[in-house]
Amino acid sequence: TVFKNTDTLKVVPELKHTLAAGSGKYEYTWVAVAKENKTGNEFEYEIGKEKNLNYFIDLPLGKYAVYLNVLDQETEVTWRQHFDMEVIIQTTEGWLVLCDEKGEVRLDMISKYGNQELMIRNLLDDYALPNKKGPKSIVLNITGSGDKIILMTETGACYLDPESLAWEEAFDLKYDMGKIPGVFVPTAMICLDPMYGSGTYPCSVLLTTTEVYCKTSGRIIYELPRNNVAGEEKTFKVAPFIITSADGVWGYYEPPVILYDTDNRRFVQLGLAWNETSCRIPPVANEVFPMVTGKEFVYAANTRHDGNSSYVILRDDTGKLWLHGFGNLWYNSFSQLSNYYYRIDAPDIERAELFAVHMHYRYLFYVVDNMIYLYDMAYKEWRKLDILDGDGEKIDLSGEEITFIKFNWFQYGEYGRLGLDMEYRLIIGSDKGGENGGMIRIVDIPERMNGKVTLYKEYSGFAKPVDIVYRERY
């Protein structure tokens with residue numbers, strides 16, 4: 001692995017002259033051949049003509065096979081050997097940490113290359129982002145036509161360059177709209193069936209504070225809003241979450257999209273065909289709970305349970321929290337999970353504002369009074385989460401404010417560079433206050449309910465952490 005515009009590739013080959021019968025006059029050619037990300041006919045680059053290679057890396061980003069061709073000028077016999085190389089930049093892969101610094105966006109990165117890590121601070125310092133106030137989330141969408149990194153704030157959203165993380169005016173998300181609405185504050189976005197879609201399936205779904213949009217495969221703009229039900233006069237607002245399959249990039253079963261209508265307090269299903277223009281209240285076989293719930297939206301998560309399952313927490317008029325489970329999220333249909341519809345009975349959970357659901361275990365995590373609780377959704381048991389450091393001592397979070405908890409969804413799944421191991425780890429953002437008091441902790445969650453919870457890694461020096469996402473690679 002080498003860094004573009006930073007590293008110099010130096011190779012001193014040891015040649016065993018099986019060509020000794022020749023003249024001893026050799027011609028050397030070093031060639032880098034792209035394995036992926038080929039642009040037009042540009043996939044082979046000559047990088048040297050001397051025996052010893054000394055090349056300042058200036059190749060396009062990507063993976064290469066680097067060949068040394070040795071031509072005996074008398075016999076015209078060529079000897080060839082190669083090695084693999086990847087050209088990256090410091091922002092190629094790693095954790096993107098979105099922070100709130102005095103009410104405005106700050107983006108740091110824990111860059112990863114091989115087994116090494118590098119901390120990069122204030123990636124957006126040199127850019128005059130128009131929507132810097134109130135950072136909310138950082139989103140990665142991996143698509144067959146190119147990856148998208150989206151920064152969302154309380155006042156708007158924009159793309160960042162998927163390689164350098166740079167920003168420019170044309171990256172404002174509003175320019176993806178067929179017609180820019182008067183109020184445009186995106187809250188959630190997801191790419192559906194990005195590589196193996198049917199061609200009529202939407203490429204992505206975008207939610208804002210006021211509307212629901214789809215961008216159909218092959219289209220470059222988001223079409224007319226779809227936050228309405230056929231036959232009803234009024235439109236409605238939806239919760240900032242898209243309930244769908246967590247299959248990821250390699251999934252090809254066209255998943256449904258379920259949204260929560262916060263005005264009418266009901267689940268609706270988004271019409272996904274190219275000629276559909278609205279949502280509907282779908283009929284449910286073997287109904288477990290009514291789609292019109294009358295409850296307030298609190299939290300939702302997509303997981304890999306049983307292939308893919310999603311969980312939604314709603315609050316009733318008495319303030320109690322209810323779990324609603326969806327499964328079999330494929331072929332634009334779903335089922336309701338009878339074992340995961342009930343009132344949640346756990347300590348002070350009604351006061352919780354931060355939640356996370358494990359991607360693989362049926363564990364719900366929530367925070368009350370700066371204490372993390374673990375709730376087993378299958379057996380309805382709970383425990384307080386004590387995190388142990390490398391010496392087996394309990395980590396004291398009493399002097400910090402927990403700002404988020406989450407599990408990172410790795411869209412490449414087991415085919416990504418990190419595999420699925422990191423999906424099993426809970427990520428905790430917290431803030432000690434003051435300048436750069438932000439902390440990120442990644443902890444190992446055991447499969448057994450009463451197992452030890454141990455610290456995997458810890459990072460410091462951030463502003464107040466708001467969100468984190470892993471910029472993954474295949």
Side-chain angles (χ1 to χ4, degrees), residues 181 183 185-190 192 202 204-214 222-246 254-273 276-303 305 308-344 349-350 352-353 355 357 364 377:
V183 176
V185 182
T187 58
M189 181 178 177
I190 197 168
L192 291 173
S204 59
V205 175
L206 173 67
L207 308 184
T208 74
T209 52
T210 56
E211 312 285 1
V212 175
Y213 297 94
C214 286
Y222 284 97
E223 298 144 4
L224 295 174
R226 300 190 185 190
N227 49 310
N228 63 290
V229 169
E232 297 182 359
E233 292 184 6
K234 292 185 178 180
T235 59
F236 49 81
K237 297 176 183 177
V238 298
F241 191 84
I242 299 165
I243 303 163
T244 189
S245 168
E254 298 182 338
V257 166
I258 304 168
L259 307 174
Y260 196 74
D261 169 359
T262 56
D263 289 337
N264 300 293
R265 295 190 169 189
R266 62 187 179 182
F267 292 106
V268 295
Q269 186 173 358
L270 181 61
L272 296 175
E276 291 189 81
T277 59
S278 62
C279 297
R280 62 180 179 274
I281 304 174
V284 180
N286 303 315
E287 184 177 88
V288 175
F289 51 84
M291 296 295 276
V292 181
T293 69
K295 300 183 180 76
E296 176 189 0
F297 179 86
V298 175
Y299 171 80
N302 299 320
T303 74
H305 302 170
N308 52 77
S309 300
S310 298
Y311 303 92
V312 184
I313 297 175
L314 303 177
R315 190 186 308 275
D316 68 19
D317 289 338
T318 69
K320 301 299 182 181
L321 300 188
W322 290 74
L323 185 67
H324 300 68
F326 293 91
N328 301 313
L329 296 155
W330 42 59
Y331 295 126
N332 205 19
S333 64
F334 62 91
S335 63
Q336 296 178 341
L337 303 179
S338 58
N339 290 338
Y340 298 95
Y341 173 59
Y342 55 80
R343 185 176 71 81
I344 305 173
I349 194 169
E350 292 81 12
E353 295 182 357
F355 298 87
V357 175
L364 167 68
M377 297 187 297

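Under the 3.5 Å distance criterion, the side-chain polar atoms of Asn227 are left unmatched by any main-chain donor or acceptor of Thr235. Here the side chain of Ser278 pairs no donor or acceptor atom with the backbone of Arg226 at under 3.5 angstrom. No donor-acceptor pair closer than 3.5 Å links the side chain of Ser309 to the backbone N or O of Gly327. Tyr342 places a side-chain N or O within donor-acceptor distance of the main-chain N or O of Met377, the cut-off being under 3.5 Å. Side chain of Arg315 to backbone of Val298: no donor-acceptor contact under 3.5 angstrom is found. A distance-only check finds no donor-acceptor pair linking the side chain of Ser338 to the backbone of Val288 [under 3.5 Å].
None of Leu207, Thr209, Leu206 except one satisfies the side chain to side chain contact (heavy atoms under 4.5 Å, CB included) rule with Pro186; the exception is Leu206.
Considering only heavy atoms from C-beta on, Thr210 stays 4.5 Å or farther from Pro181 through its side chain. At a threshold of 4.5 Å between non-hydrogen side-chain atoms, the residues Val312 and Ile258 do not count as touching. The shortest distance between side-chain heavy atoms of Ser335 and Phe326 does not fall below 4.5 Å. The shortest distance between side-chain heavy atoms of Val238 and Phe297 does not fall below 4.5 Å. In this structure, the side chains of Tyr311 and Ile313 stay at 4.5 Å or more apart for every pair of heavy atoms. In this structure, Leu323 and Leu364 have side chains that are not in contact, with every pair of non-hydrogen atoms separated by 4.5 Å or more. Within the 4.5 Å cutoff, no side-chain heavy atoms of Thr244 are placed close to those of Leu329. Side-chain atoms of Gln269 and Asn332, non-hydrogen and from C-beta on, do get closer than 4.5 Å to each other.
Rounded to the nearest 0.5 angstrom, Asn228 CG and Glu233 CD are separated by 12.0 Å. In this structure, the separation between NZ on Lys295 and CG on Asp317 is 9.0 Å, given to the nearest 0.5 Å. The OG atom of Ser245 lies 8.5 Å from the CD1 atom of Ile190; values are rounded to the nearest 0.5 Å. Taking CG of Asp261 as the start and CZ of Phe236 as the end, the distance is 5.0 Å to the nearest 0.5 Å. Once rounded to the nearest 0.5 Å, the distance linking CG of Leu314 with OH of Tyr299 reads 13.0 Å. To the nearest 0.5 angstrom, Leu337 atom CG is 11.0 Å from His305 atom NE2.
Of all heavy-atom pairs spanning Ile243 and Asn302, the tightest one is CA-OD1, 3.6 Å. Annotation for Thr293 and His324: closest pair CG2-NE2, 4.4 Å, computed over non-hydrogen atoms. Among all heavy-atom pairs drawn from Leu270 and Cys214, the shortest one is CD2-SG, 3.5 Å. Of all heavy-atom pairs spanning Glu276 and Gly271, the tightest one is OE1-CA, 3.4 Å. The shortest non-hydrogen separation linking Phe241 to Ala188 is N-CB, 4.3 Å.
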What verdict does the side-chain contact (heavy atoms from CB on, under 4.5 Å) test give for Tyr222 and Thr208, after you've listed the backbone C-alpha separation in whole Å, the side-chain angles of each residue and the deciding distance to 0.1 Å?
CA-CA 12 Å; Tyr222 284 97; Thr208 74; over 6 Å; no
Go through the steps to decide whether Arg266 and Val229 satisfy the test side-chain contact (heavy atoms from CB on, under 4.5 Å), and finish with yes or no.
CA-CA 12 Å; Arg266 62 187 179 182; Val229 169; 3.6 Å; yes
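With sequence neighbours left out, the side-chain contact (heavy atoms from CB on, under 4.5 Å) criterion links Val284 to Glu287, Met291, Phe334, Gln336.
Note on ring orientation: taking the six-membered ring where Trp is involved, the planes of Phe267 and Tyr260 are perpendicular (angle over 60°, cut-offs 30° and 60°).
No side-chain donor-acceptor contact under 3.5 Å links Trp330 and Asn308.
Residues Tyr340 and Phe289 keep their aromatic ring centres 6.0 Å or farther apart.
Salt-bridge check for Lys237 with Asp263: failed, with every basic side-chain N at 4.0 Å or more from each acidic carboxylate O.
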